[in-house]
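Everything on this sheet refers to the single structure shown next.
Indexing begins at 1, ligand by ligand and atom by atom, following the structure's order.
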Amino acid sequence: MTPALSVLEKTFGYNSFRGQQAEIIQQVIDGGDALVLMPTGGGKSLCYQIPALVRNGTGIVISPLIALMQDQVDALSALGVRAAFLNSTQDGTERMRVEAAFLAGELDLLYLAPERLSVSSTVELLDRGRIALFAIDEAHCVSQWGHDFRPDYLRLSMLHEHWPNVPRIALTATATEVTHAEITKRLDLGGARHFVASFDRPNIQYRIESKNQPLQQLLTLLRTEHPGDAGIVYCLSRASVEKTADFLVEQGIPALPYHAGLDTAVRQRNQSRFLREDGIVMVATIAFGMGIDKPDVRFVAHLDLPKSVEGYYQETGRAGRDGLPSTAWLAYGLQDVVQQRRMIDQSEGDRAHRQRLTQHLDAMLALCETLECRRVQLLAYFGQASDPCGNCDTCLAPPEGWDGTIPAQKLLSTVVRLFRERNQKFGAGHIIDILVGKHTPRVTENGHDTLTTFGIGADLTDQEWRGVVRQLLAQGLLAVNSDGFGTLVITDASAGVLDGSRPVRLRREPDRPAKAAKKSAVASSLPGEAVPLFERLREWRAGAARDQGVPAYIVFGDATLRGIALTRPATLAELASISGVGEKKLDTYGEQLLEVVAAG
Ligand code: ADP
Ligand code: ZN
């Protein structure tokens with residue numbers, strides 16, 4: 001047995017490596033550099049933790065996630081690994097204690113915030129100790145074009161210059177081809193071995209539906225498919241975060257808000273509750289989430305349209321790191337398109353910047369409106385080809401395409417007439433009123449009931465018309481005016497639709513049958529007879545986590561509890577064979593677990 005495999009079994013309690021883990025780990029153990037692109041939940045941590053344990057000295061992990069270092073260290077300590085961190089949250093005594101442990105060779109892993117490397121005393125400290133490797137986590141933070149750029153990451157090229165003989169491993173879950181090239185260049189990893197895994201997350205079910213009553217839609221999702229599950233709900237603004245969290249709490253769902261406008265202490269407390277307690281729903285802006293390695297997030301819901309596919313994929317990727325079934329759900333509507341186009345028009349920065357934002361938005365809209373498999377489209381965005389997945393909404397209930405040329409002509413000609421004949425511009429609501437022939441006060445006052453297009457669209461409902469407008473906006477056949485009022489104007493491409501030379505394909509959303517699951521997603525993936533034990537194990541875990549003040553998943557992940565519920569071990573030896581039960585945890589919890597199983 002190789003040293004790496006033995007550490008995997010004894011310390012982590014796993015039987016075999018996943019994907020390219022074995023090769024990556026061997027490369028670093030042998031002293032080589034590696035650049036690892038692997039999706040969230042793929043198992044990146046082991047790729048540097050095991051080499052750090054096998055090689056002499058301490059593995060230095062550079063991570064931007066100061067707020068999570070304590071949990072990372074706790075998780076390792078629970079496995080019997082000697083880990084510590086150095087960052088700005090510590091006082092002098094604490095820092096000295098960690099430094100002394102490092103110098104004495106008593107640390108397997110040491111987490112460092114990147115800014116510490118600009119302090120000369122840190123470099124001197126590292127020079128005096130023995131370094132097994134450098135791991136650069138969240139390596140995409142070095143990319144200036146990506147969405148998480150951290151200036152401190154640019155300094156990391158010094159690792160190679162200062163310690164040319166120490167192997168480096170850089171890891172990220174998010175990289176288009178452009179970002180990949182930028183990481184390679186800035187971290188000087190041209191000579192490293194590159195490991196690019198499939199970005200697919202097969203256990204996540206991708207679903208995008210049109211937004212009618214978003215809060216009710218969200219509630220239905222949570223009640224029917226995810227009762228008692230932990231999850232994240234993303235909203236664009238602080239106000240909608242607050243409103244959504246209040247609504248969920250009123251409905252009896254334990255939800256907490258998180259956004260940059262909250263006190264640091266409140267934010268910290270909410271994050272810590274989300275990590276520590278079972279079944280909390282975090283309602284957040286995208287300020288929340290990077291590095292959250294809670295493995296049992298069962299759903300990620302977006303109530304507003306994300307600004308880019310990269311952001312969306314990274315946010316949804318926080319679901320289901322443990323590989324168990326999870327949901328990525330997005331509700332998206334006409335208002336999202338109007339609002340985002342407006343935000344781009346009003347954004348600071350030059351024309352090139354606005355163009356980039358527009359490209360990002362267009363790619364996101366194309367994903368929302370696609371008739372094809374969502375996953376195929378997502379993976380293609382990251383340069384990976386795949387086949388229809390069978391686990392996304394368009395695969396499960398294929399939407400129909402329909403010929404929307406005539407409705408598009410009716411709508412566009414209304415916009416044109418208002419402008420040419422009356423020199424007026426209006427938003428979608430009023431234009432739809434004209435099309436369906438509603439005598440609203442505004443229609444009557446403006447005499448819009450005398451337009452030749454008044455009432456010519458009565459064959460579609462308001463809701464259907466909103467879908468038409470949304471899709472025309474998404475396809476660039478209609479635009480939001482930059483006056484800040486959300487009025488609609490035609491585009492250069494509209495002409496082809498109006499003169500009949502360009503057909504318009506639209507998508508009709510299928511009616512989705514309401515699901516009637518009443519169990520949490522993980523429980524419903526278990527055979528019925530294993531569910532009561534699984535629930536008892538979860539209760540036991542909550543108590544154990546509370547007693548020790550650590551997140552529940554540090555005690556055991558859902559995947560391990562699932563394994564126990566399925567196999568009902570009666571002896572310590574049987575328990576030890578379950579994935580996720582290593583030596584230290586068997587020692588700490590073995591007897592208690594056997595009692596829980598036997599009590600059933
Ligand atoms: P990433 O950092 O890539 O998002 P993690 O390192 O957090 O992923 O791993 C995700 C989950 O998978 C963790 O719960 C981890 O313990 C588990 N895991 C990783 N490698 C293996 C393996 N070889 N066998 C079983 N479970 C694994
Ligand atoms: Zn699919």
Q | Winner among Phe12, Tyr48, Tyr14 once heavy atoms are compared against atom 15 (C) of ligand 1 | A | Tyr14
Q.
At under 4.0 Å between heavy atoms, is it the side chain or the backbone of Ala173 that contacts ligand 1, or both, or neither?
A. neither
Q. Are Gly557 and ligand 1 in contact, using a heavy-atom cut-off of under 4.0 Å?
A. no
(Q) I'd like to check whether Ser16 has a polar contact with ligand 1, where a contact means an N/O of the residue lying under 3.5 Å from an N/O of the ligand. (A) yes
Q: May I ask you to identify the nearest protein heavy atom to atom 12 (O) of ligand 1, giving residue, atom name and distance to one decimal place in Å?
A: Arg18 NH1, 3.2 Å
**Q.** Residue-ligand contact Arg321/ligand 1, heavy atom below 4.0 Å
**A.** yes
Q | Least distance between heavy atoms, Asp336 atom then Ala331 atom | A | OD2-O, 4.2 Å
Q.
As a test of understanding, state which of Asp393, Asn391, Thr316 forms a side-chain hydrogen bond (donor to acceptor under 3.5 Å, both in side chains) with Tyr206.
A. Thr316
Q. Taking both backbone and side-chain atoms of Gly41, is any N or O found less than 3.5 Å from an N or O belonging to ligand 1?
A. yes
Q. Of Leu171, Ile24, Val196, which is the lone residue that meets side-chain contact (heavy atoms from CB on, under 4.5 Å) with Met38?
A. Ile24
Q. Going by the angle between their ring planes, with limits at 30° and 60°, are Phe382 and Tyr313 parallel, tilted or perpendicular?
A. tilted
Q: For the residue pair His160 and Arg168, establish whether any side-chain heavy-atom pair is separated by less than 4.5 Å.
A: yes
Q | Identity and distance of the protein heavy atom lying nearest atom 9 (O) of ligand 1 | A | Gly43 CA, 3.5 Å
Q.
Protein heavy atoms near atom 22 (C) of ligand 1, is at least one of them under 4.0 angstrom away?
A. yes
Q. Within a radius of less than 6.0 Å around NZ of Lys584, do more than 12 heavy atoms belonging to other residues, nucleotides or ligands occur?
A. yes
Q: Looking only at protein heavy atoms, identify the closest one to atom 6 (O) of ligand 1 and say how far it is in Å.
A: Ser45 OG, 2.6 Å
(Q) Using a 4.0 Å cutoff against the non-hydrogen atoms of Thr40, which atoms of ligand 1 qualify? (A) 4 (O)
Q) Counting only N and O atoms by type, is there a donor-acceptor contact under 3.5 Å from the side chain of Thr394 to the main-chain atoms of Cys392? A) no
Q | Gln21 and ligand 1 - part of the residue with a heavy-atom distance under 4.0 Å | A | side chain
**Q.** Enumerated ligand 1 atoms positioned under 4.0 Å from heavy atoms of Leu46
**A.** 19 (C), 20 (N), 21 (C)
Q: Could you tell me whether Leu159 atom CG has more than 12 heavy atoms of other residues or ligands within 6.0 Å of it?
A: yes
Q) Taking everything shown except Gln548 itself, do over 12 heavy atoms lie less than 6.0 Å from its CD? A) yes
Q) Looking from the Zn ion (ligand 2), what is the angle between SG on Cys373 and SG on Cys395, to the nearest 10°? A) 100°
Q) Out of curiosity, Thr2 OG1 to Ile29 CD1, how far, rounded to the nearest 0.5 Å? A) 7.0 Å
**Q.** Region of Pro39 that comes within reach of ligand 1 [heavy atoms, distance under 4.0 Å]
**A.** backbone
Q.
Under 4.0 Å, counting heavy atoms only: does Cys47 come that close to any atom of ligand 1?
A. no
